[in-house]
Amino acid sequence: MSEHDLVYTQTEEFQHRVLICLANIPSGRWVSYQQLGQQAGFERRARHVAKLLKNLPDDTKLPWHRVVGAGGVIKLPADTPAGKTQRERLASEGWLISPSGRLR
DNA sequence: CCGTTGACTGTCG
DNA sequence: TCGACAGCCAACG
């Protein structure tokens with residue numbers, strides 16, 4: 001057994017908890033990167049939450065589209081595949097999206 | 001060890 | 001409302 005098997009790093013803990021919280025976000029709601037990090041127990045890692053989401057496999061069933069910027073603003077550019085997917089999904093869950101990306 | 005890099009954020013003008 | 005900017009912090013080269 002290697003030392004790695006014994007040490008649950010901060011990073012692994014962070015990723016594990018964030019993904020669990022992500023899976024629990026109900027349809028029709030959104031959370032900011034920062035809020036998701038806080039729910040997972042990490043206060044100042046909004047950017048790391050973003051990085052984690054970015055690295056998710058394309059075929060993941062996790063609701064990554066419900067994670068947006070503070071105040072409910074979509075951060076992914078509208079002219080990218082992921083950006084379009086996010087807008088489509090949020091719209092299908094009842095959100096109106098202003099040109100600037102703000103959810104209503 | 002150090003500078004860069006982000007699906008970020010709050011403050012300021 | 002919008003851009004610039006300073007914090008943020010692990011990962012990378």
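Residue numbers begin at 1 in each chain, while the letters A, B, ... track the order of the sequences.
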Q: Regarding A:Thr11, tell me which of base, sugar-phosphate or nothing describes its non-hydrogen contacts under 4.0 Å with the strands shown.
A: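 Touches sugar-phosphate only.
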Q: For every nucleotide of nucleotides 2-13 of chain B, 5' to 3': is a protein heavy atom under 4.0 Å from its base (B), only from its sugar-phosphate (S), or from neither (-)?
A: ----BBBSS---
Q: Closest heavy-atom contact between A:Val73 and A:Val68?
A: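 Answer, listing the atom of A:Val73 first, then A:Val68: O-CB, 3.6 Å.
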Q: Between A:Arg87 (side chain only) and A:Leu76 (backbone N and O only), is there a donor and an acceptor less than 3.5 Å apart?
A: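 Present.
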Q: Does A:Arg45 make a side-chain N or O approach to OP1 or OP2 of C:dA10 shorter than 4.0 Å?
A: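 Yes, such a contact exists.
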Q: Give me the distance, rounded to whole Å, that separates B:dA7 from C:dG13 when you measure between the P atoms they each carry.
A: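 Pairwise P distance, B:dA7 against C:dG13, rounds to 16 Å.
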Q: Could you give the distance from CG (A:Leu53) to CG (A:Leu62), rounded to the nearest 0.5 Å?
A: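 The CG atom of A:Leu53 sits 9.0 Å away from the CG atom of A:Leu62.
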Q: May I ask you to say whether A:Glu13 pairs ionically with A:Arg17, meaning some side-chain N is under 4.0 Å from a carboxylate O?
A: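 Judged by the 4.0 Å cut-off on N to carboxylate O distance, A:Glu13 and A:Arg17 do form a salt bridge.
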Q: Under 3.5 Å, side chain of A:Gln35 to main-chain N/O of A:Val67, donor-acceptor pair present?
A: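 No.
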Q: Does A:Asp58, at its CG atom, have more than 12 non-hydrogen atoms belonging to other residues, nucleotides or ligands within less than 6.0 Å?
A: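 Atom CG in A:Asp58 is not crowded, with 12 or fewer foreign heavy atoms closer than 6.0 Å.
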Q: Over how many whole Å does the gap from A:Phe14 atom CZ to C:dC8 atom P extend?
A: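 Distance, rounded to whole Å: 17 Å.
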